[in-house]
Amino acid sequence: MDILENLNQQQRLAVEHGKGPALVLAGAGSGKTRVIAHRIAYLIRNSVCRPENILAVTFTNKAATEMKERVHAILGELRSAEPLISTFHSFCVRLLRQEIHHAGYRRDFSIYDTDDQKRLIRQILKELNDPELEISPREIISRISYAKNHGVTPGQYIKRFPSETAEDVQFIYSKYNSHLKNSNSLDFDDLLLISVAILKEQPDTRRRFSERYRYILVDEYQDTNRPQYELLRLLTAAHNNLFVVGDEDQSIYKFRGADIQNILKFEKDFTGARTIKLEQNYRSSQNILSVAGAVVQNNTERKGKVLWTENDGGDVVTCRYEESPRDEAIWVAGKIQEILELYPNHHLAVLYRANFLSRNFEDVFLEEGIPYAVVGSVAFFGRMEVKDMLAYLRVVFNPDDDIAVLRILNTPPRGIGKTTIELLTRAAIDKGVPIMRMVREKAHDADFPGRASKSLLRFEKFVDKWIGFEQNHSVAQLLETILEDTQYAEMLRKNELASEAENRLANIEELIRAAAESEDRGETVTDFLDRAALSSELDHFDPNTRVALMTIHSAKGLEFEVVFLAGMEEGLFPHTQSMGSSEDLEEERRLCYVGITRAKKRLYVTWTPYRRNYGPEAGSPARVSRFLEEMPRDLIEGLDREIYEPMDQRQRLQTSSHTQPRNRDWQEPTEKNRVSKEPFKQPKSIAELKAYLAQQQKPKTPGTDDSKKGTVLKAGMRVRHDKFGDGIVLSRERRGNDIKLVITFSTAGRKSLIERFAKLKAL
DNA sequence: GATTTACGCCTTTTT
DNA sequence: GGCGTAAATC
């Protein structure tokens, strides 16, 4: 396969770029991942360098995996070494597992995720015992992170970021850092910072790494933060072969420290850089591009690109006003059903600014039996039971990991109560030693209360057993042993609902399987733990999902035939807290741009003035988002600019039925919405139930079925249960992660069942 | 140690 | 207004 084949002129120029820095400004859908993958293949195929001299960096594991697959697709399996394609963070972990002794840590360090950070901060706050400290752990974490990413140490904090609370933050920041250090643990920011510090201070290490990685490629460069920029500088100083791809219009992670100036100033930072713009879009219709362009044009902080496409004009954007969030969800659900009937293979997405908006959509989709997947609620590795198991592993490998020790010390309960734990923590802090060492000490302390020391001794014996066990067994076996020894399953069965306990146990099983697979791939235990710490839920997003629900942030990099942008209201999008500065507002606008450009064929935008909001503005109706007003008038229908009074707006909308331009491959569904506005009510009589059934009697098309589980059991359907016999589904609703069905059985009467466990057959 | 009550949180969160 | 975790209580 010719690598340059099927590339347009600009893409080809980028792929064939020689030595020295290059900046590829790639608009949405212009094939930027493609360019990186092809360039990697090009470098290898043309023997510009050896595969192992190439480093490609992405932000997500998903992007890294995709990149690897694409390179393999072009080149076939490589016989020799592989190029290193990894995220910033896993690259750093890799570096640190070899080099961290330079920074005074041991190589078996633990990685603290956000949850661990929060626990640590809470512990420090407790220890501080300041009765009225007015900062939340969450805010403290973000301020510490901000300081770290701007190179500000605890000592400099007050001077650099003066505020009323700066003194407190400084104190906590410094405590936080020393706790981490004493626990031989690093947070996500540290992974970058310490790597940078080592590369800066250790010329030998720097030389080895920059000689090894002579061609460095970076995806989504607009999202890099300062430490990432420094890392790249250090790695490329010797050879200057830095090839970055990005889009300043898609920079949406400022709140996480991303610095848009990195991409805006690239040519200044790396002299002699060549700039290539990719402006041909292969994803969306012309109308969608025009709308996106019109919105983002209102920003000043951009280099300016004009996207064009050879695709059809396509439809205009449809705007929909609804009276309430529930109505909004119902309208979207109706549209989705129509679209899926016409186009069973389309991928659709409902995108929103904030996660809480998923609620109404989930409820309605569940009632309607629309198969959907939510991205970004609770990640697998974030689940309580999975974190517990991982904490056990962490303690086995790094007994200094205090947060992990505290997590498992009395989970499951083993007689190490609150007083004992407080005593241990206090003593550990006073002596400046890890908690596990205090556990060992007090376990053999004759002066210590007998009952407590006995429990501690038992715990110590277990830990030692596991440490020994690990020497000649696999992680999967170790996890099995821990599960057995701790009686963890018994704890779950005792404390939780049966269904919930089984669910959690299933997750643990999955973890054990993942560990076994990791081992099969020849990975070490730390590889496994690292991946657990650095993985996110997006990595598990199944691209075959028919209807996806997620935030716009999560949707970056994805595409769908049809996109619904929900909650297009002032105050929510742009968010109130982002309307203060023009910088923040521009970021919101870029976010909107990202949302719009996810759509290939059709874009719907919806809004409602009466979204339940708390706080000072509770109750007052919201206006339509300014971003919709920035869309060209002739490219959006259903938006009435002059009228904001809800009833008026509604009447106008109902009287105006539009004719739309059509194109060849998209035909707007014309059927009436089939979702009833009334939420399903329990029928009071047989007659009512019959009436409801009649209303529900409509043939289902294959496209709306959940392919995995067969038919979706909706209200009104007849089902058969092994024990209870035949019955009729009365309602279907979410309960936690499960789906609860209420069913009346002809013999057994009314029962509530969890769908996953009920083994129901549709009749 | 288990159960109840109270409180804190509520924008996005690639790692 | 709703939810999940943490303190309070038995």
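To find a chain, count down the sequence lines: A is the first, B the second, and so on, and within it residues start at 1.
- Each of A/Y229, A/Y221, A/F59, A/F188 was scored for a ring pair (Phe, Tyr, Trp, His ring centres under 6.0 Å) with A/F88, with one residue passing: A/F59.
- Salt bridge status for A/D249 with A/R590: absent, with no side-chain N to carboxylate O gap under 4.0 Å.
- Summarising the geometry, the separation between CD1 on A/I260 and C1' on B/dT12 is reported as 16 Å, rounded to the nearest angstrom.
- Note: CD (A/E490) to C1' (B/dG1) measures 17 Å, nearest angstrom.
- Out of B/dT11, B/dT14, B/dC9, the shortest distance to the side chain of A/P137 is found at B/dC9.
- Summarising the geometry, atom CG belonging to A/D223 is positioned 11.0 Å from atom CG belonging to A/D259; distances are rounded to the nearest 0.5 Å.
- Close to B/dT14, at under 4.0 Å from its OP1 or OP2, lies no side-chain N or O of A/N61.
- Electrostatic pairing of A/R143 and A/E139 counts as a salt bridge here, judged by a charged N lying under 4.0 Å from a carboxylate O.
- Look at CD on A/Q222: it is 16 Å from P on B/dT14, rounded to the nearest Å.
- Each of B/dT11, B/dT14, B/dC10 was ranked by its minimum atom distance to the side chain of A/S578; first place goes to B/dT11.
- When each of B/dT12, B/dT14, B/dC9 is scored by its nearest atom to the side-chain atoms of A/Y253, the top-ranked nucleotide is B/dT14.
- For A/R256 against B/dT12, a side-chain-to-base donor-acceptor contact under 3.5 Å is absent.
- Computed from coordinates, the A/E385 CD to C/dG4 C1' distance equals 15 Å when rounded to whole Å.
- If you check B/dT15, B/dC9, B/dT13 against the side chain of A/S136, the one that comes closest is B/dC9.
- Taking the charged nitrogens against the carboxylate oxygens, A/R589 and A/E630 do have a contact shorter than 4.0 Å, which makes a salt bridge.
- To the nearest angstrom, P of B/dT15 lies 24 Å from CZ of A/R226.
- A salt bridge links A/D530 with A/R97: the closest approach of a Lys/Arg side-chain nitrogen to an acidic carboxylate oxygen falls below 4.0 angstrom.
- Residue A/G417 is classed as having no contact, given no heavy-atom separation below 4.0 Å to the nucleic acid.
- Using a 4.0 Å cut-off, some side-chain N or O of A/R359 falls inside it from OP1 or OP2 of C/dC3.
- Each of A/H89 and A/F255 was matched to the nucleotide of DNA chain B holding its nearest heavy atom; the match closer to the 5' end belongs to A/F255.
- Regarding A/I252, its CD1 atom lies at a distance of 9 Å from the C1' atom of B/dT14, rounded to whole Å.
- When the side-chain nitrogen and oxygen atoms of A/N225 are compared with OP1 and OP2 of B/dT15, none of them lie within a distance under 4.0 Å.
- A/K62 has a carboxylate O that lies under 4.0 Å from a charged side-chain N of A/E66, or vice versa, which qualifies the two as a salt bridge.
- Remark: P of C/dG4 and NZ of A/K118 are 13 Å apart, rounded to the nearest angstrom.
- Residue A/T551 places at least one side-chain N or O under 4.0 Å from the OP1 or OP2 atom of B/dT13.
- One finds a salt bridge joining A/D113 and A/K387 here, because a Lys/Arg side-chain nitrogen approaches an Asp/Glu carboxylate oxygen to under 4.0 Å.
- Taking 4.0 Å as the cut-off between side-chain N and carboxylate O, A/E587 and A/R256 do not count as a salt-bridged pair.
- Heavy atoms of A/D113 sit nowhere under 4.0 angstrom from any nucleic acid atom.
- Stacking between A/H553 and B/dT12 is absent: the aromatic ring centre is not both under 5.5 angstrom from the base six-membered ring centre and within 30 degrees in plane angle.
- Under 4.0 angstrom from either OP1 or OP2 of B/dT13 there lies at least one side-chain N or O belonging to A/S554.
- An OP1 or OP2 oxygen of B/dC10 is reached within less than 4.0 angstrom by a side-chain nitrogen or oxygen of A/R138.
- The nearest whole Å value for the distance from the CD atom in A/Q228 to the C1' atom in B/dT14 is 10 Å.
- Residue A/P227 is classed as having no contact, given no heavy-atom separation below 4.0 Å to the nucleic acid.
- Comparing A/Q577 and A/F59 along DNA chain B, the residue whose closest nucleotide (by nearest heavy atom) sits nearer the 5' end is A/Q577.
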Any N/O pairs under 3.5 Å between the protein and nucleotides 6-8 of chain C? List them or say none.
residue: C/dA6; atom: OP1; partner: A/R122; partner atom: NE; Å: 3.2
residue: C/dA6; atom: OP1; partner: A/R122; partner atom: NH2; Å: 3.2

